Structures are given as C-alpha cells and as structure tokens.
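What follows is a set of notes on a single structure, which appears directly below.
Note that the numbering runs from 1 along the sequence shown for the chain. Here the structure is a predicted model, which means the values were calculated and not measured.
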Amino acid sequence: MKNSVILALMVSLTVVTSCACAGDSDAEDTARHISAVQPEPRRLNVRVKEVLPHSRKTYTQGLEFHDGMLYESSGEYGLSFIEVLSFPDLKTVKRTEVDDRFFAEGITVLNDTLYMLTWREHQVLLFDPATLDEIGRHTVYTEGWGITNDGHKLYMSDGSQYIYEIDPVTFGRKRRIAVTTPAGPVFNINELEWIDGRIWANVYGYNNMLIVDPATGYVEAIVECDGLLEPEDIKRSTDVLNGIAYDPESKKIYVTGKRWPKMFEIELFR
C-alpha cells in the first residue's frame with residue numbers, strides 16, 4: 001500500500017529540498033529554516049549479528065519489545081492484526097485481528113497502554129498489552145505512519161517531513177519536529193524507534209534508516225541497509241524495509257521488512 005507516495009522517492013535522501021508543509025500554526029517547529037551550520041549526516045553500515053525467522057505473511061508496520069516479548073503490527077485493509085511473539089523463536093503467543101475498516105500502522109507501548117495508529121482513518125486505537133483487548137480510541141487530524149515513545153511522551157510520523165511530539169493522555173500535539181539534512185527536509189518518515197535518546201526512522205521506499213536528534217530534527221546519521229536479504233529471499237510479495245525494534249534488556253537492535261522471511265540483529269560500523 002501507500003503506492004502513491006513512492007513517486008516522491010525518485011531523488012536521494014540528501015537532495016530532497018522541497019518546502020515545508022503548511023499548517024499546524026499552534027505547533028512549534030524545531031527547524032523552520034535549514035541551518036547553514038547543520039552538520040552532514042554520518043554514513044553508517046550494518047553488520048548482521050544474528051538472523052531470526054519472520055513470517056512472510058506479516059506486512060510489518062510496527063515492531064516493539066515489551067516485557068520480554070516482541071509486539072508486531074501488520075497492515076492492509078481486511079488483513080490487519082497485532083501479534084505478541086515469544087523471543088527469540090518468534091512464535092505467536094497472542095493475536096488480535098483489527099477491524100476491517102482500519103489499516104494498522106505503527107505501535108508503541110507506554111504506561112501499560114499499547115497505541116496503534118491507523119493509516120487514513122484518523123484513529124489511534126488503544127489496547128491492553130497483556131490481553132490485546134481494545135480499551136480506548138483517540139482521533140487525530142493526520143495520517144498515521146510510525147510511533148514511538150521516550151518513556152514519557154509519544155512521537156508520531158505521518159509520512160511528511162515531520163515527527164510530532166504527542167501528549168499520551170489527550171493525544172494533543174505538543175511540538176512539530178522538522179527532519180532535515182543540510183540539503184533540506186526529508187519526507188516519507190515512517191516507522192519509528194527510540195534508542196538511546198535518538199529517534200531512529202525508516203524512510204518509506206528506501207533501504208536505509210535515519211538517526212534523528214529529537215531536539216533539533218537534524219539527521220545525525222544515515223544507516224545503509226542494502227543487502228540484508230539474499231536474492232533467494234526475495235519473492236514477488238517481498239516489500240520494503242520497515243520495522244525497527246530495540247531490546248532494552250540486551251541493548252540489541254533488530255530490523256525487518258514487510259513480508260520479509262527474516263529478522264536481523266544488527267550492529268553499526270563506518
């Protein structure tokens with residue numbers, strides 16, 4: 001899905017220079033103009049430390065560790081669901097189907113609440129992470145793509161160049177963070193993960209990830225992820241890189257993609 005946005009991805013991340021979107025006058029931009037002193041992002045590569053199984057049937061939208069389990073959301077209309085997976089064998093422990101009206105997007109767990117975005121429905125669904133029973137909803141006025149948290153606040157993307165700081169109780173927008181490089185804003189910010197004070201972000205349609213300073217929106221590093229899948233892993237249904245999970249107990253980072261047969265523990269190097 002989201003095929004319409006792929007047309008916007010014909011240029012390199014470092015040369016996207018379109019103007020910022022209008023609106024959100026009540027939100028604070030972290031970067032209304034691109035600073036001449038913004039440093040160039042570091043270019044980092046990944047080394048695979050371990051390969052884990054992953055279901056080709058899962059159209060991965062969100063990936064999150066919580067209480068030693070891995071939570072994963074899968075999208076598409078009529079097929080969306082949330083699963084709780086044992087780790088590291090990734091066997092299904094619990095699963096709930098999402099109403100056919102909703103296209104499930106990113107998930108995160110904060111204060112014993114699992115938040116799940118929906119793509120175009122302007123709804124955030126709240127679940128009990130222990131039972132996966134729905135316990136509430138919030139309305140948002142933008143699309144939902146990725147979501148994460150810093151232990152206190154939520155951070156949400158909507159496919160634009162912005163990440164939004166969100167109040168977890170009211171789901172009101174507190175701050176708008178413009179994701180930028182020295183060349184300009186970066187669009188199609190997708191799945192998010194909070195790791196050591198930084199927001200890691202997939203960019204829809206690219207085989208790389210961004211490491212973003214949440215205070216400034218500056219892209220500090222671009223993590224190249226080409227070549228994770230072997231040629232024999234790639235089928236007609238295999239889709240884009242999407243899914244970042246940080247295990248706070250082991251301090252390990254895992255990535256996967258939509259209908260990928262594998263999940264990878266990675267480490268970074270230059």
Side-chain angles (χ1 to χ4, degrees), residues 1-3 5-14 41-65 68-76 79-93 95 104-107 145-146 148 186 188-193 195 200-211 219 221-247 249-270:
M1 301 299 289
K2 299 179 183 169
N3 292 331
V5 300
I6 201 69
L7 296 176
L9 300 173
M10 298 303 168
V11 292
S12 165
L13 278 173
T14 57
R42 294 170 292 145
R43 292 276 178 170
L44 302 175
N45 297 294
V46 300
R47 181 180 292 111
V48 174
K49 299 290 290 181
E50 186 178 10
V51 180
L52 301 174
H54 185 256
S55 172
R56 285 192 183 275
K57 295 181 180 180
T58 303
Y59 194 74
T60 304
Q61 302 287 43
L63 203 63
E64 174 120 345
F65 281 98
M69 298 289 189
L70 186 66
Y71 287 69
E72 186 168 17
S73 57
S74 180
E76 297 193 312
L79 300 172
S80 292
F81 61 85
I82 303 172
E83 281 191 322
V84 183
L85 304 167
S86 56
F87 193 82
D89 59 0
L90 300 185
K91 301 294 186 182
T92 301
V93 174
R95 171 173 167 144
E105 286 282 347
I107 57 172
W145 286 43
T148 190
V186 182
N188 298 297
I189 303 301
N190 200 9
E191 218 271 300
L192 307 176
E193 185 77 357
I195 304 177
W200 288 44
N202 287 125
V203 180
Y204 184 73
Y206 283 94
N207 283 326
N208 53 36
M209 301 178 291
L210 308 181
I211 300 177
V219 176
I222 298 173
V223 181
E224 307 286 355
C225 296
D226 286 326
L228 285 175
L229 292 178
E230 300 292 337
E232 58 268 25
D233 295 327
I234 301 173
K235 308 295 183 184
R236 181 173 297 180
S237 62
T238 306
D239 213 315
V240 298
L241 175 77
N242 198 59
I244 311 166
Y246 175 68
D247 184 348
E249 296 181 4
S250 67
K251 311 299 183 185
K252 294 177 180 179
I253 299 168
Y254 298 85
V255 299
T256 190
K258 301 174 186 291
R259 300 199 190 97
W260 281 25
K262 296 174 181 176
M263 183 180 296
F264 302 90
E265 179 201 338
I266 61 167
E267 66 177 10
L268 306 184
F269 71 96
R270 297 196 72 166

Provide the closest heavy-atom pair for P53 versus P88 in the form atom of the first, atom of the second, distance. CD-O, 4.5 Å
Side chain to side chain, E193 and I253, heavy atoms closer than 4.5 Å: no
Does I266 reach the side chain of M209, with side-chain heavy atoms less than 4.5 Å apart? yes
For the residue pair L241 and N208, what are the closest heavy atoms and their distance? CD2-N, 3.7 Å
All heavy atoms of G205 vs all of V240, minimum pair found to be CA-CG1, 4.1 Å
Side chains of L210 and I189: closer than 4.5 Å at any heavy-atom pair? yes
Nearest heavy-atom pair of A245 and E64: which atoms, and what distance? CB-N, 4.3 Å
Is there side-chain contact between I211 and P41, with heavy atoms separated by less than 4.5 Å? no
Given Y246, F264, F65, W200, the one that forms ring-ring contact (aromatic ring centres under 6.0 Å, His included) with Y254: F65
Contact check, side chains of R259 and Y59, non-hydrogen atoms, under 4.5 Å: yes
Just verifying a value: how many Å separate I82 CD1 and Q61 CD, rounded to the nearest 0.5 Å? 11.5 Å
Side chains of I222 and V186: closer than 4.5 Å at any heavy-atom pair? no
OG1 of T92 to CD of E83: how many Å apart, nearest 0.5 Å? 3.5 Å
What heavy-atom pair brings S86 and V93 nearest, and what distance separates the two atoms? N-CG2, 3.6 Å
First locate atom OG1 of T256, then atom CG of L52, and finally report the distance between them rounded to the nearest 0.5 Å. 9.5 Å
Could you grab the distance from atom CZ of F87 to atom NZ of K252, nearest 0.5 Å is fine? 7.5 Å
Can you tell me if S55 uses its side chain to pair, donor with acceptor, with the backbone of K57 under 3.5 Å? yes
Check whether any side-chain heavy atom of L90 sits under 4.5 Å from a side-chain heavy atom of L70, and report yes or no. yes
How long is the straight-line distance from OG1 of T148 back to CG of L63, given to the nearest 0.5 Å? 11.0 Å
Tell me whether the rings of Y204 and W145 are parallel (<30°), tilted (30 to 60°) or perpendicular (>60°). perpendicular
Taking all non-hydrogen atoms of both residues, which atom of T58 and which atom of E72 are closest, and how far apart? CG2-OE2, 3.4 Å
Do W260 side-chain atoms and D239 backbone N/O form a donor-acceptor pair below 3.5 Å? yes
State which residues pass side chain to side chain donor-acceptor pair (under 3.5 Å) with R47; sequence neighbours excluded, sorted by chain then number. E267
Interatomic distance, OG1@T238 vs CG@D233, rounded to 0.5 Å, equals 8.0 Å
